[in-house]
Participant: 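The following block contains the structure, expressed as structure tokens.
Side chains are part of it too, since the values below use all heavy atoms of this structure and drop only hydrogens, waters and symmetry mates.
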Amino acid sequence: MKQFYILFLILATHLTFGQVNSKSYDYFVQFNGDQLSKKVSVDQILNHPLINKYKEGKASLDLKKYAALFKLDQKITVHGNFTDSIPYYQVTLPIKNREAVKQFLIEEHTKNKNTDSVEVPVIQDYGKYAVFTPKNQKTSFVWNDNYLVLVELTKNYKPKPYDWENRTQDSIAIDEPYQETSTETTEEPAQEAAAVAEETAEAMAVSNAVYEKEAADFNLLQAEQQSLFIKSLFENGFTAPVSEKINAAADISSWLNYSSAMTSLNSAYSLLSKFVSYNKFLPMQNNAANMVKGINLDFYFENDNARIEEVVEYAEPMAQIVAKMADRKINKNIFNYFPDEKPLGYMSYHINTKAALEKFPTLVADLFQSQYLVKEDLTVITDLISTIVDEEATATLFDGDLSMFLYHVNEVEVTKKVYGYDENYEEKITEEKVKKNIPLFSMVFTSTHPTFGDKLIQLGVRKKFLEQKGDFYQIFGTEDYGTVFIKKDKDVVLIANTLDYFNDGKGLFVKEAKKELKKNYISGKLNFARASFAYENSGKVKGKDSEKLKRLSEQFSDIVMQSPKKLIDNKLKFELKLNAAKSDKNIILQTLDLAEELSK
């Protein structure tokens, strides 16, 4: 029987893991050392003074010993699955020398190596590969002539839930009228209570023993499956894992299966779902996968910039919807309230609100489909939402154009209420004027509804939230923020605490912004040099902090974000870029230089 069990286990593991190098993964991260090493060498990084500082300091972090073991100028991968019947993770590192890896592991895991008591790690050598699993740990180190692989099956033992419905309640009495009893009559119930307590303790002891036995059996099975998994990887020659989802042109590339991530998220509240039934109607992970296939996150390190590119891959139906939402024709009137000159920072966001609202009922129905909602139920929900949400009218409340600007940091005098007590210990409120540094900002958006905006403003006037002053309305109670006001100019609404930075929408910055927004539905920038200068002059930073801020602005010029309107192969990209003021060396080395200076 035992032989049959082992054969069955080998067959099951082979079917599960035998094609691991060609299967799809729930996540995959790849460090493209061959790509990055063309831009900056490993030696340049490891020999940097800041790295040496941590080697010699309390951290005692000697990265060179790892560089002596691993080929850091080749591909390093981390991948795995958390939705398989046997979930796992795997780290794959190319090595320089098999024997060196063995000696490194022995040195790192030898107990009491500085005393006479020495416990050498047990390494299993199978010829083609060797395996070492540290005591009381689950992760196995496996290596051959070319690779070191870290493997762990990540499924944990979960005891069966306690059956609360079948528990006995004989010892609990409810709704019994109080009756006075003598000492003699209370002795018998006390003895019964003691007996129940003793039985409960015995039951708990038995339960703990059962738990420990089941956990031990589970861990033993996991160890056997992990051993078979390792054998399937190395017995016929190890092949480094690859994924078609990874971008080889990036310095670091990663992929996340969205459906698997949703599955993992749903399982996180599996225990709660035993007590709450509402989760039956929550979004199903399979339905979410019908909308989003996966997400790429890629990192690039150049001489003049470092950037992150996030790429969301949509399923075909969802891609069509997102394409319509991102492709908005901007209301030209909004540019009348763009600043003429470049602000310290800005973010401009433009979507087709009408297209989003038209597809909203269908999206909700698709997302919440489950076995508990039949088709007729979903049509009722869809019709209800469609009836409540009038796309034509609702879209005019906020058309989809939204822009925010940061201009300067200014010192203003504001009136502050001070609470105290007089000589009779009665509360006393006084007012005093104080100087305060505030950011000067504006936010502008479009609303083409013919009456709603004007009526809302008039309501604010009647309720004394707003006070009209010329062609704008002051908002009461915002003096601490430099007095915020609202202005409505036809289908443009402006909220700001300054009027000094825009005129007729024909300045140089407006032309640049129009050019960027012609191809991007999101565009933004923060100018480090100008922002730090304004912040420094506000008086909030002094001494060493001021020097550090100045050094930071000298190193990096700005940070830029943008997302194109057009989808390519059902993929929408978002880019965040940090631009360096210099380009004489790779930005990694520039950042290390800066960190070294600031740490002094």
Side-chain angles (χ1 to χ4, degrees), residues 29-55 61 63-64 66-67 70-78 93-94 246-255 296-311 342 344-347 509 512 515-516 519-520 522-533 547-564 568 571 573-600:
V29 181
Q30 183 166 293
F31 170 75
N32 291 320
D34 53 341
Q35 173 72 15
L36 183 58
S37 61
K38 297 175 183 177
K39 304 174 183 179
V40 55
S41 71
V42 174
D43 288 339
Q44 284 180 295
I45 297 175
L46 295 180
N47 292 322
H48 193 278
L50 182 66
I51 302 300
N52 290 328
K53 178 181 178 181
Y54 282 99
K55 173 187 174 182
L61 182 62
L63 296 179
K64 289 185 178 180
Y66 298 102
F70 307 119
K71 297 178 180 179
L72 300 179
D73 57 351
Q74 295 186 13
K75 299 181 187 301
I76 297 173
T77 61
V78 179
L93 304 102
I246 290 301
N247 182 3
D251 297 323
I252 302 175
S253 183
S254 62
W255 160 262
N296 274 98
L297 200 63
D298 297 331
F299 298 81
Y300 299 83
F301 303 96
E302 312 294 346
N303 275 28
D304 57 352
N305 75 82
R307 69 183 188 276
I308 302 174
E309 290 185 0
E310 180 189 44
V311 179
K342 291 183 180 180
L344 301 183
Y346 78 94
M347 198 283 288
F509 170 73
E512 293 181 1
K515 183 179 178 180
E516 287 296 322
K519 56 184 179 180
N520 299 309
I522 293 179
S523 182
K525 178 184 289 188
L526 175 65
N527 187 302
F528 275 128
R530 295 184 58 213
S532 61
F533 179 78
E547 294 176 5
K548 291 180 179 180
L549 188 63
K550 182 180 179 181
R551 181 66 184 88
L552 181 66
S553 65
E554 291 173 349
Q555 191 71 46
F556 304 112
S557 59
D558 53 53
I559 185 168
V560 179
M561 65 182 75
Q562 60 185 26
S563 184
I568 300 176
K571 297 177 181 179
K573 183 172 73 173
F574 176 83
E575 180 182 288
L576 186 67
K577 181 191 292 186
L578 174 65
N579 289 313
K582 304 174 183 179
S583 59
D584 57 331
K585 61 177 69 173
N586 189 271
I587 196 167
I588 295 176
L589 298 176
Q590 292 189 45
T591 304
L592 290 174
D593 290 342
L594 177 62
E596 183 193 9
E597 289 185 40
L598 298 182
S599 65
K600 293 179 180 179

Participant: For the residue pair V42 and F70, establish whether any side-chain heavy-atom pair is separated by less than 4.5 Å.
Facilitator: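 Heavy-atom side-chain distance check fails, nothing below 4.5 Å.
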Participant: Given side chains that start at C-beta, do those of K75 and N32 come closer than 4.5 Å, heavy atoms only?
Facilitator: yes
Participant: Hey, does N520 have a side-chain heavy atom less than 4.5 Å from the side chain of P564?
Facilitator: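 The answer is yes, as the side chains (C-beta and beyond) meet within the 4.5 Å cut-off.
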Participant: Give the minimum heavy-atom separation between K573 and S563, together with the two atoms involved.
Facilitator: O-OG, 2.7 Å
Participant: Give a yes or no on whether K342 atom NZ has more than 12 heavy-atom contacts from other residues, nucleotides or ligands under 6.0 Å away.
Facilitator: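 For K342, atom NZ is not crowded (no more than 12 foreign heavy atoms under 6.0 Å).
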Participant: Can you find a side-chain donor-acceptor pair between N47 and K64 that sits under 3.5 Å?
Facilitator: yes
Participant: A side-chain contact here means heavy atoms from C-beta on lying under 4.5 Å apart; do Q44 and N586 qualify?
Facilitator: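 They are not in contact (no side-chain heavy atoms under 4.5 Å apart), so the answer is no.
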Participant: Any chance you could measure F299, atom CZ, to R307, atom CZ, to the nearest 0.5 Å?
Facilitator: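 So the CZ of F299 and the CZ of R307 are separated by 12.5 Å.
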Participant: Any salt bridge between K53 and E596, counting N to O under 4.0 Å?
Facilitator: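 Here K53 does not pair with E596 in a salt bridge, since their nearest N and O are not under 4.0 Å apart.
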Participant: Anything under 30° is parallel, anything over 60° is perpendicular, the rest tilted; go ahead and classify F556 against F528.
Facilitator: tilted
Participant: Within the structure provided, determine whether D593 and H48 are in side-chain contact (heavy-atom separation under 4.5 Å).
Facilitator: yes
Participant: Distance from K515 atom NZ to S523 atom OG, nearest 0.5 Å?
Facilitator: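 That separation rounds to 12.0 Å.
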Participant: How long is the span from the CD1 atom in I252 to the CD1 atom in I246, to the nearest 0.5 Å?
Facilitator: 11.0 Å
Participant: Can any side-chain N or O of Q590 pair as donor or acceptor with the backbone N or O of K582 at less than 3.5 Å?
Facilitator: yes
Participant: Do L36 and F31 make a side-chain contact, defined as non-hydrogen atoms from C-beta onward lying under 4.5 Å apart?
Facilitator: yes
Participant: State, yes or no, whether a side-chain contact exists between N579 and K577 at a heavy-atom distance under 4.5 Å.
Facilitator: yes
Participant: Shortest non-hydrogen contact from N296 to S253?
Facilitator: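 So the minimum-distance heavy-atom pair works out to ND2-OG, 4.3 Å.
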Participant: What distance do S532 atom OG and E554 atom CD have between them, rounded to the nearest 0.5 Å?
Facilitator: 9.0 Å
Participant: Does atom NZ (K550) have a neighbourhood of more than 12 heavy atoms from anything else shown, all under 6.0 Å?
Facilitator: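 Not more than 12 within 6.0 Å, no.
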Participant: List the steps and the verdict of side chain to side chain contact (heavy atoms under 4.5 Å, CB included) for L46 and Y66.
Facilitator: CA-CA 10 Å; L46 295 180; Y66 298 102; over 6 Å; no
Participant: Do L93 and I76 have side chains that approach each other closer than 4.5 Å (heavy atoms only, starting at C-beta)?
Facilitator: yes
Participant: Could you tell me which residues satisfy side-chain hydrogen bond (donor to acceptor under 3.5 Å, both in side chains) with N303, sequence neighbours excluded, listed by chain and number?
Facilitator: none
Participant: For the CG atom of D34 and the CG atom of L72, what is their distance to the nearest 0.5 Å?
Facilitator: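 Here the rounded value is 12.0 Å.
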Participant: Can you tell which of Q555, R551, K548 makes a side-chain hydrogen bond (donor to acceptor under 3.5 Å, both in side chains) with E597?
Facilitator: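 The residue from Q555, R551, K548 that satisfies side-chain hydrogen bond (donor to acceptor under 3.5 Å, both in side chains) with E597 turns out to be R551.
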Participant: What's the spacing between I588 CD1 and E302 CD if we round to 0.5 Å?
Facilitator: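 One finds 10.0 Å between CD1 of I588 and CD of E302.
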Participant: Between L297 and S254, which heavy-atom pair has the shortest distance, and what is it?
Facilitator: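 Heavy atoms only, the tightest pair is O-OG, 2.7 Å.
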